[in-house]
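Worksheet: the structure to be examined is printed underneath.
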Amino acid sequence: MADLKRTHYCTDLTEKDVGQEVALMGWVQRRRDHGGLVFIDLRDRTGLIQTVFNPQEDPETHQRSHAVRSEYVIAVKGRVRPRPDDMINEKLKTGRIEVFIYHLRVLNTAETPPFQIEDDIDVSEAIRLKYRYLDLRRPSVQRNLLLRHKAYQVTRSFLDQEGFIEIETPVLTKSTPEGARDFLVPSRLNPGQFYALPQSPQLFKQLLMVSGFDRYFQIVKCYRDEDFRADRQMEFTQIDIEMSFVDEEDVHDITERLLATVFKELLDIEIPRPFKRLTYAEATSRYGLDKPDTRFGMELKNVTDIVAGSEFKLFSQVAQNGGVIKAINAKGQSSLSRKDLDDLTDFVKIYGAKGLAWIKINPDGWQSPIAKFFSEAEKEALIRALDVEAGDVLFFSADTPKVVNEILGQLRVKLGRALNLINTDEYDFLWVTHFPMFEYSQEEQRYTAMHHPFTAPVEEDLDKLETAPGEVRARAYDLVLNGHEVFGGSIRIHRRDIQEKVFHLLGIGQEEAEEKFGFLIKALEYGAPPHGGIASGFDRLIMIMTGADNIRDVIAFPKTQKATCLLTDAPSKVNRQQLLELAIRLDTENKKEN
RNA sequence: GGGGACGUAGUGAAGUGGUUCAACACGCCGGCCUGUCACGCCGGAGAUCGCGGGUUCAAAUCCCGUCGUCCCCGCCA
């Protein structure tokens, strides 16, 4: 290698380099061996270039090129030549040139890979993850990680220019109640005691505001020991931001400008600002969900008043018992088959629906198991309320508002996707604001914080804290992109008395509050400025920007749904000595033998 | 904790009780080939049908269990 130094990346070379001697290094994408002429497509992280081995160039080098195989690592030296006109490959960036090789060195051989190193391969994800280092050679995966890299850089430089200071917070920290399940790390020096991995640096960034840092950010790993989803891993990355002396508008503004910059620099897309806004109440009422995909319509309409007096017992009874009846109109979809409708019924049952009432608007009349219960006047009213035309299909749900919204909200998204109502090139940002402060948990028989316990209540709702906690709105906001929550934050409580009141409401007693959050309460006493912030689901954002349909495609070494790493086989057992040092004895009797 | 889908050569996949049932494609190995770029042509190797048990004269195929991957509900302040 001493005498061979790489001069270019493969796709650095252009027609301008014709005649130059170059040295390239990379992996063998494919060998096309004609016996005489041999072509080897050489790949590095930039892409491909065709190298040519001609016996007239150097007989020995040509001879040795026969032995080269896929994914061998080779170094070559040769001269750049233009391709004859009829041999130009428009599919390659370097397709107008090729390199005639007179020196070949095999730097390493390779086993035949378990799958081909190229895009659009048809191979199970389990195999890809087991050989992730090979999977990561594929251009599409490299593109994702490159975009992710650029997003870090643009974020850092933007926030730096805006006066934000990047400060690292501990990874080994204190376990706190509320929120997700903690990952625990045993302390060897303090037997029987544990650190927790941060679910977010929430408390530390608030303390940094008390310290006067004023504008903080961090690109930081967070850990939540909960079950996985397509857009959820237990270990994920946040862009974490906190600012002092600000209100909601300030946080929205910095977030919007950050995103505008990131989208401009990475995708060359101008995203219109300011972003749309809906209150939580509006979002759930019109779209059923607190993270609505607003790239298409099909809004939920409340038809309770119209059908409350109808002959259809189910509707009239629900109305009588204080429930609601809502409907959505799938325009022009009356070609949905009976089976489609049955499948949709099964789908909504996942979300607690007992059934799904539908009406097909055929040109010759209404087709539906329930249409016969409606009077002409009621039909007329439905037509007006739902903008009904021939060819439409209406779906109804009747239950409590919470259940109805969930059911129709999920159905709406399902239909939007299935019926191709969504423009997938669109990036549709939406702020959802004024979340409820608390949610009543039937399971725990108490209120829980909808955002987190440090979120400030809306000023004018302060007096309801004691009288009607369920009605108190929080100064919390989520940023929704195409139906995914990509940022979430709030203005925080900066007064001790309010913080204590909120803890109390959450059923956290004075003693517990002191033990778990004493340091925060204390800090609030020492001149805590008003402050607030926001944090992103960075992986999710990159997922959407790359068009990936799951989060694993934008993480270099992701875990499976069962929280294992197929590459390293983590997690794994540890030896007895390690456990002894940690004063840990296993009790796996009731668990599966592992 | 629960619901659903899947598991057959290196990879993808056909086959759902019976006599070529272990196809096909890509990849791999060997041979031929001086303009290919998804090279082509000829030949070849490669599968205890995820694993364990059961039913049967007979199981990739039916039953039970188990392991693994994915999607979803619960969970994710």
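In the text below, chain A, chain B and the rest are named by the order of the sequence lines, each starting its count at 1.
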Donor-acceptor pair under 3.5 Å, A/R30 side chain vs B/rG27 base: no

RNA chain B contacts made by residues 500-509 of chain A, counting heavy atoms under 4.0 Å: none

Side chain of A/N54 (C-beta onward), nearest among B/rC70, B/rU34, B/rA38: B/rU34

Donor on one side chain, acceptor on other, A/S200 and A/Q238, under 3.5 Å: no

A/K349 vs B/rC73: side-chain N/O to OP1/OP2 distance below 4.0 Å: no

Touch class at under 4.0 angstrom, heavy-atom based, for A/Y351 against every strand present: sugar-phosphate

Sugar-phosphate only, base, or nothing, as touched by A/L566 at under 4.0 Å among non-hydrogen atoms: sugar-phosphate

Whether A/K205 side chain and A/I241 backbone form a donor-acceptor pair below 3.5 Å: yes

Euclidean distance, atom CG of residue A/D33 to atom P of B/rG30 [Å, nearest integer]: 11 Å

Under-4.0 Å side-chain N/O to phosphate OP1/OP2 contact, A/Q199 with B/rC76: no

Backbone N/O of A/T560 and side chain of A/E125: donor-acceptor pair under 3.5 Å: no

Flag side-chain contact, heavy atom, 4.5 Å: A/I508 against A/F517: yes

Touch class at under 4.0 angstrom, heavy-atom based, for A/P55 against every strand present: base

Sugar-phosphate only, base, or nothing, as touched by A/T176 at under 4.0 Å among non-hydrogen atoms: nothing

Polar contact flag, side-chain donor to acceptor under 3.5 angstrom, A/S140-A/D119: yes

Atom of A/G409, atom of A/L300 and distance for their closest heavy-atom approach: N-CD2, 4.3 Å

Sugar-phosphate, base or nothing in reach of A/T455, heavy atoms under 4.0 Å: nothing

Under 3.5 Å on both distances, the Watson-Crick or G-U partner of B/rC41: B/rG31

Pair listing, side-chain hydrogen bond (donor to acceptor under 3.5 Å, both in side chains) test, anchored in residues 32-41 of chain A, at least two apart: A/R31-A/D33, A/R32-A/D41, A/R32-A/Q50, A/D33-A/H66

Exercise: do A/D240 and A/Y216 side chains pair donor with acceptor under 3.5 Å: yes

Pair A/R224 + A/E226: basic N to acidic O under 4.0 Å: no

Ring centroids of A/H34 and B/rU36 base under 5.5 Å with planes under 30°: no

Whole angstrom value for the distance that separates C1' of B/rC76 from CZ of A/R540: 9 Å

Mutual orientation of the aromatic rings belonging to A/W431 and A/H252 [parallel < 30°, tilted 30-60°, perpendicular > 60°]: parallel

Sugar-phosphate, base or nothing in reach of A/D86, heavy atoms under 4.0 Å: nothing

Interatomic distance where CZ belongs to A/R229 and C1' belongs to B/rG3 [whole Å]: 12 Å

Sugar-phosphate, base or nothing in reach of A/D227, heavy atoms under 4.0 Å: base

Between P of B/rC72 and CG of A/D346, the distance in whole Å: 18 Å

Touch class at under 4.0 angstrom, heavy-atom based, for A/D225 against every strand present: nothing

Atom-pair distance (OH on A/Y131; P on B/rG12), nearest Å: 11 Å

Close residues, residues 230-241 of chain A, relative to RNA chain B [heavy-atom separation under 4.0 Å]: A/A230, A/R232

Spacing between A/L37 atom CG and B/rU34 atom P, to the nearest angstrom: 8 Å

Strand partner of B/rA5, provided both Watson-Crick or wobble distances fall under 3.5 Å: B/rU69

Backbone of A/D340 reached by a side-chain donor or acceptor of A/D343 within 3.5 Å: no

Sugar-phosphate, base or nothing in reach of A/E439, heavy atoms under 4.0 Å: nothing

Rounded distance (Å) that lies between atom P of B/rU69 and atom CG of A/L129: 9 Å

Base-pairing assignment for B/rG17 (Watson-Crick or G-U wobble, both under 3.5 Å): none

Pairs meeting criterion salt bridge (Lys or Arg N to Asp or Glu O under 4.0 Å) with involvement of residues 127-137 of chain A, two or more places apart: A/E71-A/R137, A/R128-A/D135, A/R128-A/D553, A/R132-A/D135, A/D135-A/R138

Given RNA chain B, 5'-ward residue of the pair A/K562 and A/P84, judged by closest heavy atom: A/P84

A/R81/A/E98 ion pair, N-O < 4.0 Å: no

Touch class at under 4.0 angstrom, heavy-atom based, for A/S124 against every strand present: sugar-phosphate

Distance-only polar pair, side chains of A/Q206 and A/Q202, donor-acceptor under 3.5 Å: yes

Watson-Crick or G-U counterpart of B/rG46, or none if no pair lies under 3.5 Å: none

Touch class at under 4.0 angstrom, heavy-atom based, for A/R181 against every strand present: nothing

Could you list, one pair per line, each protein nitrogen or oxygen that sits under 3.5 Å from a nitrogen or oxygen of nucleotides 6-10 of chain B, together with the distance?
residue, atom, partner, partner atom, Å
B/rG10, O2', A/P114, O, 3.3

Touch class at under 4.0 angstrom, heavy-atom based, for A/Q29 against every strand present: nothing

Sugar-phosphate, base or nothing in reach of A/R552, heavy atoms under 4.0 Å: sugar-phosphate

Side chain of A/R224 (C-beta onward), nearest among B/rC71, B/rC76, B/rC73: B/rC76

side-chain contact (heavy atoms from CB on, under 4.5 Å) partners of A/V413, counting only residues at least two apart: A/L289, A/R417

Polar pair under 3.5 Å, donor/acceptor by atom type, side chain A/R83, base B/rC37: yes

Between P of B/rC39 and CG of A/L48, the distance in whole Å: 11 Å

